[in-house]
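In what follows, a structure is listed as structure tokens, so that the remarks can point back to it.
Heavy atoms only: backbone and side chains are in, while hydrogens, waters and symmetry mates are out. Here, residue 1 is the first one in the sequence, and each next residue gets the next number.
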Amino acid sequence: GLVVAVVAVLGAVTWVVGYSDLLVLDRVQVTGVEEPLSDTVVQAADAPLGEPLARVDTGAVAERVKAIPDVAAVVVGRSWPDALTLQVTARVPLAVVGADDAWRYVDAQGVLFGQAPPEPDQLPVVLAPAGESGVEQRAAAVAVAVSLPDDVRAEVERIEASSPVEVRLVLRDGRRVVWGSEEESERKAEVLAVLLQTPATDYDVSVPDRPTLRPAA
């Protein structure tokens, strides 16, 4: 009676959703980014068009999309009756790093992506290892760059990071700044803005409450 009817209905629903041709994947929708990255996302997703939407491995699709260097995050969902939705968050370029005879963008996590033009667009230049081993150095340098006031950042030629706790600034006029780690960067930036009003060759704000400088000859 009733039990048999319920089982039959559930079986029919399961078949329609998971095995029939009525609810199959027909299209992929990408939000959050524009062309050409959106096209790259669709290609990398390699969504199995024609497969029942309920059986699409959204985790596998997400992993393929996250492998794109320009993608910071992606959320994959199903939009019934026939679409897969990819909500993409792109990496934000905050500085540039020289790598393989070219300029690469770097984000807040120190991840390299894309290719910057020969004359970087108003972005700080970071001198740090370009390989996987340099992620922490690059992230520290970017954190320092972001903390700088616009007028100070405009004076910076490059930011050097030999380690996450050994960050230095080289100004366009040759003056140098020992920054140390990215900790207290906002405070260090405030102190440096004041120190730069005093002529010197070297400044040290690694301990912002006890800054030092070497007077110009």
Side-chain angles (χ1 to χ4, degrees), residues 33 66-74 88-217:
V33 296
K66 285 191 292 186
I68 302 172
D70 293 60
V71 171
V74 61
V88 179
T89 301
R91 296 193 184 280
V92 178
L94 296 176
V96 294
V97 173
D100 300 326
D101 298 322
W103 289 107
R104 301 284 302 282
Y105 291 117
V106 59
D107 71 353
Q109 284 71 48
V111 176
L112 296 180
F113 65 100
Q115 184 166 329
E119 297 293 334
D121 308 339
Q122 305 299 315
L123 290 176
V125 173
V126 169
L127 183 62
E132 284 296 321
S133 62
V135 170
E136 291 185 357
Q137 290 97 308
R138 296 193 299 268
V142 169
V144 172
V146 171
S147 74
L148 297 174
D150 291 343
D151 56 342
V152 175
R153 189 183 302 127
E155 295 187 47
V156 176
E157 179 178 292
R158 67 181 182 274
I159 302 174
E160 302 175 349
S162 55
S163 83
V165 297
E166 295 178 292
V167 179
R168 296 173 180 267
L169 310 182
V170 178
L171 307 187
R172 298 187 187 281
D173 59 9
R175 291 181 292 174
R176 297 176 296 274
V177 180
V178 175
W179 195 275
S181 72
E182 65 182 274
E183 294 182 5
E184 297 187 273
S185 279
E186 292 187 4
R187 173 64 176 152
K188 292 175 182 178
E190 293 173 355
V191 172
L192 179 61
V194 175
L195 282 184
L196 290 178
Q197 297 175 27
T198 301
T201 58
D202 295 85
Y203 305 83
D204 189 331
V205 295
S206 57
V207 181
D209 291 334
R210 296 194 301 275
T212 62
L213 56 80
R214 179 182 299 171

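Residues Glu182 and Pro164 form no side-chain contact, since every pair of their non-hydrogen atoms from C-beta on lies 4.5 Å or further apart.
Here the shortest heavy-atom pairing between Arg214 and Ala200 reads O-CB, 3.0 Å. When all heavy atoms of Leu94 and Asp107 are compared, the closest pair comes out as CD1-C, 4.3 Å. When every heavy atom of Pro117 is checked against every heavy atom of Tyr105, the shortest pair comes out as CD-OH, 3.4 Å. Across all non-hydrogen atoms, the minimal contact from Ala130 to Leu112 is O-CD1, 3.1 Å. When all heavy atoms of Pro124 and Ala145 are compared, the pair lying nearest together is CG-CB, 3.7 Å. Shortest non-hydrogen contact noted between Pro149 and Ala189 is CD-CB, 3.8 Å.
Heavy atoms from other residues, nucleotides or ligands lying under 6.0 Å from CZ of Arg168 number 12 at most. At most 12 heavy atoms of other shown residues, nucleotides or ligands fall within 6.0 angstrom of atom CD in Glu183. Within 6.0 Å of CZ in Arg172 there are more than 12 heavy atoms belonging to other residues, nucleotides or ligands. No more than 12 heavy atoms of other residues, nucleotides or ligands sit less than 6.0 Å from atom CD of Glu136.
A salt bridge between Asp202 and Arg176 is present, with a side-chain N of the basic residue lying under 4.0 Å from a carboxylate O of the acidic one. Looking at Arg153 and Glu155, no side-chain N of the basic residue comes within less than 4.0 Å of a carboxylate O on the acidic one, giving no salt bridge.
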Leu196/Val152 under side-chain contact (heavy atoms from CB on, under 4.5 Å): CA gap, chis, key distance, verdict:
CA-CA 9 Å; Leu196 290 178; Val152 175; 4.2 Å; yes

For Ile159 and Leu127: C-alpha separation, side-chain torsions, deciding distance, then whether side-chain contact (heavy atoms from CB on, under 4.5 Å) applies.
CA-CA 6 Å; Ile159 302 174; Leu127 183 62; over 6 Å; no

Test side-chain contact (heavy atoms from CB on, under 4.5 Å) on Arg91 and Asp70 and set out the steps.
CA-CA 6 Å; Arg91 296 193 184 280; Asp70 293 60; 5.7 Å; no

Audit row: Trp179, Leu169, side-chain contact (heavy atoms from CB on, under 4.5 Å) steps and yes/no:
CA-CA 7 Å; Trp179 195 275; Leu169 310 182; 3.8 Å; yes

Show the numbers, then the answer: is there a salt bridge (charged side-chain N to carboxylate O under 4.0 Å, His left out) between Asp209 and Arg187?
CA-CA 9 Å; Asp209 291 334; Arg187 173 64 176 152; 3.7 Å; yes

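Here CZ of Arg158 is found 10.0 Å from CG of Leu171. Values are rounded to the nearest 0.5 Å. With rounding to the nearest 0.5 Å, the separation of CG in Leu148 from CG in Leu192 is 7.5 Å.
Formation of a donor-acceptor pair under 3.5 Å by the Arg104 side chain with backbone atoms of Gly98 is not found in this model. Counting only distance, with no hydrogens or angles, the side chain of Lys188 and the backbone of Asp204 share no donor-acceptor pair below 3.5 Å.
Side-chain contact of Arg175 with Tyr203: a donor-acceptor pair under 3.5 Å is present, judged by distance alone.
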